[in-house]
Amino acid sequence: MNKTILITGANAGIGKETARQLALIKDTEIIYLACRNLQKAEVAKRELIEATGRDIFKIIILDVSKPETVEKAVSQLSNSIDALIMNAGGTGGKTPEKLTKEGVTELTASNLLGHVVLVNELIKHNKLNNVALFASSEAARGIQKMGMNRPDLKENSVEEFISIFDGTKFKGNFDPFQVYGWIKYGGTLCMSSMARKYPKIKFISMSPGGTRGTNGMDDLPFIKRLFLKHIGMKLIMPLMKMSHSVEKGAKRFVEGINNPKFKSGVFYASKENILTGPVIDQSSIWKDLDNHTFQDNAALAIQKFI
Ligand SMILES: NC(=O)c1ccc[n+]([C@@H]2O[C@H](COP(=O)([O-])OP(=O)(O)OC[C@H]3O[C@@H](n4cnc5c(N)ncnc54)[C@H](OP(=O)(O)O)[C@@H]3O)[C@@H](O)[C@H]2O)c1
């Protein structure tokens, strides 16, 4: 049972709803809300206590796009944690293509680099006991109906992954809506590689599915945001089984860490052509996800920036 859980990006959207659902499980003892903004975290903490009647939330300040803040946060963590939910991320803020001082794009930093640093640090200090879940997306294997292409890699070599993480692969053509899928693909492969490297910890990637009512699309250009967030997600996509409530999205994360049927090293997301309903092993849709060489190359590539 996971008694102590840390969730990144827990002040809003799916992360906050996951915290709410986990607090309603009576065995849960502590939930760390790992957020980058203290004020937002305090508001979320108050609302979560009110919604669940349980005062079990502790705030940890970290920005996953800034590895030094992640290292500091882990050093300040007094307990070990049973479960880690790497939820923070999205389309990379207002400047997704900009490079961080580590040399990756902000899109890579906020979805992936900081989470890899977080796992490294937790393991190094013996502070991760059972399970680590990475918030992936069906975009990692392409979502045809939304015009999100399957990442089209030539070799899946270490060098190619480096060029994805530092953005050089997309020079002059950096569309965060598309590149997002490539980063989630790289991150998902990294998790599968870590699953083999650390067999005592369960690593899974889980997509929440198409989830309404979050801030996830707020940084996209106006027209894309208007269509996807306000028209598509609310009106058209539910009819096409392409979006569900934030409760359903978060439930996938809650089950992901607690249900033993989910196996280490696997990427779970919706069946092909829909973004709702039961999840399946995505390597049944795209074999590359289960290629150990590709997985290890992605993991080696991200470690080069640490
Ligand atoms: N919604 C969907 O349909 C969908 C589908 C597939 C996958 N996902 C994935 O699910 C996760 C949650 O998405 P969401 O829709 O709930 O998004 P959201 O409403 O935008 O929430 C994202 C959370 O992450 C935090 N965050 C972002 N960058 C951060 C950073 N550098 N350091 C620390 N915290 C950071 C945000 O904090 P601030 O409030 O400070 O910005 C916020 O708390 C993301 O990884 C997303 O890619 C979402």
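This one's a predicted model, so the numbers in the text were calculated from it and none came from an experiment. Counting convention: from 1, in listed order, for ligands and their atoms alike.
The contact set between ligand 1 and Thr214, taken as ligand atoms under 4.0 Å from a residue heavy atom, comprises 1 (N), 14 (P), 15 (O), 16 (O), 19 (O). Taking every heavy atom of Ile14 and a limit of under 4.0 angstrom, the matching atoms of ligand 1 come to 1 (N), 10 (O), 13 (O), 14 (P), 15 (O), 16 (O), 48 (C). Near Ala12, meaning under 4.0 Å from any of its heavy atoms, are these atoms of ligand 1: 43 (O).
Taking only nitrogen or oxygen atoms, main chain and side chain alike, Lys184 reaches within less than 3.5 Å of ligand 1. Ligand 1 has an N or O atom lying under 3.5 Å from an N or O atom of Val64, backbone or side chain. Considering both main-chain and side-chain atoms, Asn11 comes within under 3.5 Å of ligand 1 through a nitrogen or oxygen pair. For the pair Arg36 and ligand 1, the shortest N or O to N or O distance falls below 3.5 Å. In terms of N/O distances under 3.5 Å, ligand 1 is approached by Tyr180.
Not a single donor-acceptor pair under 3.5 Å links the side chain of Ser137 to the backbone N or O of Ala140.
Geometric assessment of Lys184 against the ring of Phe134 yields a positive cation-pi assignment under the 6.0 Å and 45° thresholds.
Look at Thr8 and you'll find every heavy atom at least 4.0 Å from all atoms of ligand 1.
Selection from Val70, Val246, Thr211, Leu62 by nearest heavy atom to atom 2 (C) of ligand 1 gives Thr211.
Between Asp166 and Phe305 there is a side-chain heavy-atom pair separated by less than 4.5 Å.
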